Amino acid sequence: QVQLAESGGGLVQAGDSLRLSCTASGRTDGRYDMGWFRQASGKEREFVGYIHRSGSLTYFGNSVQGRFSISRDITKNTVYLQMHSLKPEDTALYLCAAGDRVTIKTRLTDYSYWGQGTQVTVSS
């Protein structure tokens, strides 16, 4: 079992930057690919970004491409989502997820473990 805990959310203004963290505990041993998703109120969960277990490959959704980046610190079992140029439409609950057999990075069901999320609110 893997437990995921997100942190770093908050209320920011449009144009600001924010960094979210996702720390894994339990049976991690570096064998999981990680994803970030978000869910705005009343909307479906949306893919944000992905990082391979090696840290060598990242992939992003169209709406955040060029503004967001992902990195991971294996020694801390932590994945980071760095967000720049935030927009009001980025407002959502941000969740991280882990999967050991992720074949389609954007597919929710490829991820076995999910955190509870951290809220990001961007004011205009």
Side-chain angles (χ1 to χ4, degrees):
Q1 288 286 344
V2 175
Q3 294 80 42
L4 303 174
E6 303 92 337
S7 61
L11 173 62
V12 297
Q13 293 186 334
D16 284 352
S17 298
L18 198 62
R19 189 179 78 163
L20 306 183
S21 301
C22 172
T23 300
S25 59
R27 296 184 61 184
T28 56
D29 37 41
R31 61 188 177 122
Y32 292 95
D33 298 337
M34 301 295 293
W36 281 97
F37 292 79
R38 66 187 183 186
Q39 188 162 17
S41 180
K43 296 188 178 181
E44 294 186 351
R45 195 162 293 186
E46 173 191 16
F47 171 76
V48 173
Y50 159 94
I51 185 166
H52 188 264
R53 64 196 66 188
S54 67
S56 62
L57 174 69
T58 57
Y59 179 77
F60 296 92
N62 290 336
S63 60
V64 305
Q65 180 73 43
R67 299 188 296 124
F68 290 12
S69 63
I70 295 177
S71 60
R72 68 190 302 165
D73 185 337
I74 295 176
T75 64
K76 297 181 179 180
N77 286 330
T78 299
V79 173
Y80 303 99
L81 177 66
Q82 179 68 56
M83 307 183 292
H84 296 294
S85 302
L86 284 163
K87 306 175 182 179
E89 51 263 44
D90 293 319
T91 294
L93 181 69
Y94 283 71
L95 307 101
C96 67
D100 61 356
R101 297 177 182 176
V102 176
T103 56
I104 298 179
K105 304 170 182 66
T106 61
R107 188 164 62 187
L108 276 69
T109 54
D110 275 28
Y111 298 86
S112 303
Y113 303 100
W114 291 81
Q116 296 296 309
T118 185
Q119 178 68 35
V120 173
T121 303
V122 184
S123 64
S124 58

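This one's a predicted model, so the numbers in the text were calculated from it and none came from an experiment. Heavy-atom basis, side chains included; hydrogens, waters and symmetry copies ignored.
- For Ser17, the side chain to side chain donor-acceptor pair (under 3.5 Å) partners are His84, not counting sequence neighbours.
- When all heavy atoms of Gly35 and Tyr111 are compared, the closest pair comes out as N-CE2, 3.6 Å.
- Considering only heavy atoms from C-beta on, Thr91 stays 4.5 Å or farther from Val120 through its side chain.
- If you chain together hydrophobic residues whose side chains sit under 4.5 Å apart, Tyr32 and Trp36 fall into the same group.
- Shown here is Gln39, whose CD atom has more than 12 heavy atoms of other residues, nucleotides or ligands within 6.0 Å.
- Rounding to the nearest 0.5 Å places CZ of Phe68 at 13.5 Å from OG1 of Thr58.
- Under the 3.5 Å distance criterion, the side-chain polar atoms of Ser123 are matched with a main-chain donor or acceptor of Val12.
- In this structure, OG on Ser41 lies 9.0 Å from CD on Gln119, to the nearest 0.5 angstrom.
- Ala40 and Ala92 make their closest contact through N-CB, 3.7 Å (heavy atoms, listed as atom of the first residue, atom of the second, distance).
- Of the possible donor and acceptor atoms, one in the side chain of Glu6 sits under 3.5 Å from a partner among the backbone N and O of Gln116.
- Looking at residues two or more places apart in sequence or on another chain, you find a side chain to side chain donor-acceptor pair (under 3.5 Å) between Thr23 and Thr78.
- Using a 4.5 Å cut-off between side-chain heavy atoms of Ile, Leu, Val, Met, Phe, Trp and Tyr, Leu11 forms no hydrophobic cluster with any other residue.
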Which is it for Ile70 and Tyr59 under the side-chain contact (heavy atoms from CB on, under 4.5 Å) test, yes or no, and what are the steps along the way?
CA-CA 9 Å; Ile70 295 177; Tyr59 179 77; over 6 Å; no

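- Between Arg53 and Asp100 there is no salt bridge, since no side-chain N of the basic residue sits under 4.0 Å from a carboxylate O of the acidic one.
- Under the 4.5 Å side-chain heavy-atom criterion for ILVMFWY residues, no single connected hydrophobic cluster contains both Leu57 and Phe60.
- Atom CG of residue Asp16 and atom NZ of residue Lys87 lie 14.5 Å apart, to the nearest 0.5 angstrom.
- In terms of hydrophobic clustering, with Ile, Leu, Val, Met, Phe, Trp and Tyr side chains grouped at heavy-atom distances under 4.5 Å, Val122 and Leu81 are assigned to a common cluster.
- To the nearest 0.5 angstrom, Lys76 atom NZ is 13.0 Å from Ile74 atom CD1.
- One finds a salt bridge joining Asp110 and Arg107 here, because a Lys/Arg side-chain nitrogen approaches an Asp/Glu carboxylate oxygen to under 4.0 Å.
- Two residues are said to be in side-chain contact when any heavy atoms from C-beta on lie closer than 4.5 Å; Ile104 and Val102 fail this criterion.
- Annotation for Val79 and Met34: closest pair CG2-CG, 3.5 Å, computed over non-hydrogen atoms.
- In this structure, Tyr80 stands alone, with no Ile, Leu, Val, Met, Phe, Trp or Tyr side-chain heavy atom under 4.5 Å from its own, directly or through other members.
- The shortest distance between side-chain heavy atoms of Leu108 and Trp114 falls below 4.5 Å.
- Hydrophobic cluster membership is shared by Tyr94 and Tyr113, with clusters built from Ile, Leu, Val, Met, Phe, Trp and Tyr side chains linked at under 4.5 angstrom.
- Residues forming a side chain to side chain donor-acceptor pair (under 3.5 Å) with Tyr50 (at least two apart in sequence, or on another chain): Asp33.
- Between Phe47 and Phe37, the ring planes are perpendicular. Angles over 60° get that label, and only those under 30° would be called parallel.
- Applying the salt bridge (Lys or Arg N to Asp or Glu O under 4.0 Å) rule to Arg45 yields no partners; only residues at least two apart in sequence or on another chain are considered.
- For the atom pair OG1 of Thr121 and CG of Asp90, the computed distance is 11.0 Å after rounding to the nearest 0.5 Å.
- Leu95 and Leu20 are members of different hydrophobic clusters when ILVMFWY side chains are connected at heavy-atom separations under 4.5 Å.
- A donor-acceptor pair under 3.5 Å is absent between the side-chain atoms of Arg38 and the main chain of Leu93, judged by distance alone.
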Evaluate side chain to side chain donor-acceptor pair (under 3.5 Å) for Ser63 paired with Glu46, printing each intermediate quantity in order.
CA-CA 10 Å; Ser63 60; Glu46 173 191 16; 3.1 Å; yes

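- Counting all heavy atoms, side chain and backbone alike, Arg67 lies closest to Ser85 at NH1-O, 2.9 Å.
- The shortest heavy-atom contact between Ala24 and Leu4 is CB-CD2, 3.6 Å.
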